[in-house]
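In what follows, a structure is listed as C-alpha cells, so that the remarks can point back to it.
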Amino acid sequence: SGNKYSVPYHFACKEVWIQVSRGYILKIYSQKNIQIAQHHIYLGKGKVILNKEHYKNHRIEKGNFERLRVMFLEMFPGAEWFIDKIKVQKKINHNYHLTQILDIAKLYPSEDVLKSLQTALQYNTFSYPFIKGYLENHSMFFDKPNLINSADDGKKHFGQDIKRPLNYYKLKETIYEN
C-alpha cells in the first residue's frame, strides 16, 4: 500500500514478517514468530503510521549512546568522526548501528575494522550492514567458516568439505501455535 508502519524500536533494521488479518488489520511478527505490533491498515498511500508505545523506552535508552561512544573510541581512538556521521545519518536508530558495529568489531582485527570505517566514509554510508558486508568480503583474518553439523559426533567442522546425499537436507515441517 506504500505506507510505513512502526514496530518497537529495538526491531529497527531487522527482518520481520507481516500478515493481513480480516482485510484491515496488519499484524507484524518477529523472526521467532512472536507478534510485536498490530496496526489498522491505512487506505491512503505514502503515510507513516506510528504507535507511540513503540518508542516509549527509546528516550530512556538514549543515555546509552554516551556509553557506546566511549566504548567505540576505546577500540578506535581518533574515530570520533565516524560516530558523528552515524549519528547524523541514522537519526532514530544510531544506538542500534553502533552497538552492532561494536559487536562485530570483536571478531575482526582492528586494522580491518578501521579500513571498513574509512570505506564507509568514502561511500558516505554509515550503517552496520555496510560495515558487516565490508568485513565479510575484505577481511583476510575471518574467513567465513562453513558450519556444518555432523550427524556422527555432533561437533562443528570449520571449512571442511563434507559429502552427503541430497535427502539429508529434507525440509522439516515446523508447526507454529497461535
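- Atom-to-atom distance recorded for Q38:CD and Y29:OH is 8.0 Å, nearest 0.5 angstrom.
- Of all non-hydrogen atoms in S6 and H39, the two that sit nearest each other are O-NE2, 2.8 Å.
- Screening T125, T119, V113 against Y134 for a side-chain contact (heavy atoms from CB on, under 4.5 Å) leaves a single residue, T119.
- In this structure, the separation between CD on E136 and OG on S116 is 11.5 Å, given to the nearest 0.5 Å.
- Ring to ring, H97 and Y128 are not that close: their centroids are 6.0 angstrom or more apart.
- Counting only heavy atoms from C-beta outward, the side chains of I25 and H40 approach each other to under 4.5 Å.
- In terms of heavy-atom proximity, W17 sits nearest to S30 at CD1-O, 3.6 Å.
- Side-chain heavy-atom separations under 4.5 angstrom define the hydrophobic clusters, and I34 shares its cluster with no other residue.
- Using modelled atom types, no side-chain atom of Y42 and backbone atom of Y5 make a donor-acceptor pair closer than 3.5 Å.
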Name every donor-acceptor pair, under 3.5 Å, that has one atom in a side chain of residues 73-82 and the other anywhere in the protein, sequence neighbours excluded.
residue	atom	partner	partner atom	Å
E80	OE1	R69	NH1	2.9

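- Side-chain contact check for Q89 versus N124: some heavy-atom pair is nearer than 4.5 Å.
- Under a 3.5 Å cut-off, the side chain of N3 and the backbone N or O of G46 do form a donor-acceptor pair.
- Without hydrogens or angle criteria, N137 side chain to G133 main chain gives a donor-acceptor distance under 3.5 Å.
- The aromatic ring centroids of H94 and F65 lie less than 6.0 Å from each other.
- Nearest heavy-atom pair, F72 versus L102, reported as atom, atom and distance to 0.1 Å: CA-CD2, 3.6 Å.
- Counting only heavy atoms from C-beta outward, the side chains of E15 and Q31 approach each other to under 4.5 Å.
- Inter-residue side-chain proximity for K106 and D103 is flagged as met; some heavy-atom pair is nearer than 4.5 Å.
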- side-chain contact (heavy atoms from CB on, under 4.5 Å) assessment of K87 paired with F126: CA-CA 9 Å; K87 195 170 182 179; F126 306 96; over 6 Å; no
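- What you find for I41 and V20 is that their closest heavy atoms are CD1-CG1, 3.7 Å.
- No side-chain heavy atom of E111 sits less than 4.5 Å from a side-chain heavy atom of L114.
- Closest non-hydrogen pair, K90 versus S127, comes out as CE-CB, 3.6 Å.
- V88 and I92 fall into different hydrophobic clusters, where Ile, Leu, Val, Met, Phe, Trp and Tyr are joined by side-chain heavy atoms under 4.5 Å apart, directly or via other members.
- Neither L26 nor Y24 shares a network with the other; the hydrophobic side chains, linked directly or stepwise wherever heavy atoms of I, L, V, M, F, W or Y lie under 4.5 Å apart, form separate groups for each.
- Criterion: ILVMFWY side-chain heavy atoms under 4.5 Å apart, direct or through other members. Under it, V70 and Y96 are not part of a common hydrophobic cluster.
- The nearest pair of heavy atoms linking K85 to L121 is CE-CD1, 4.1 Å.
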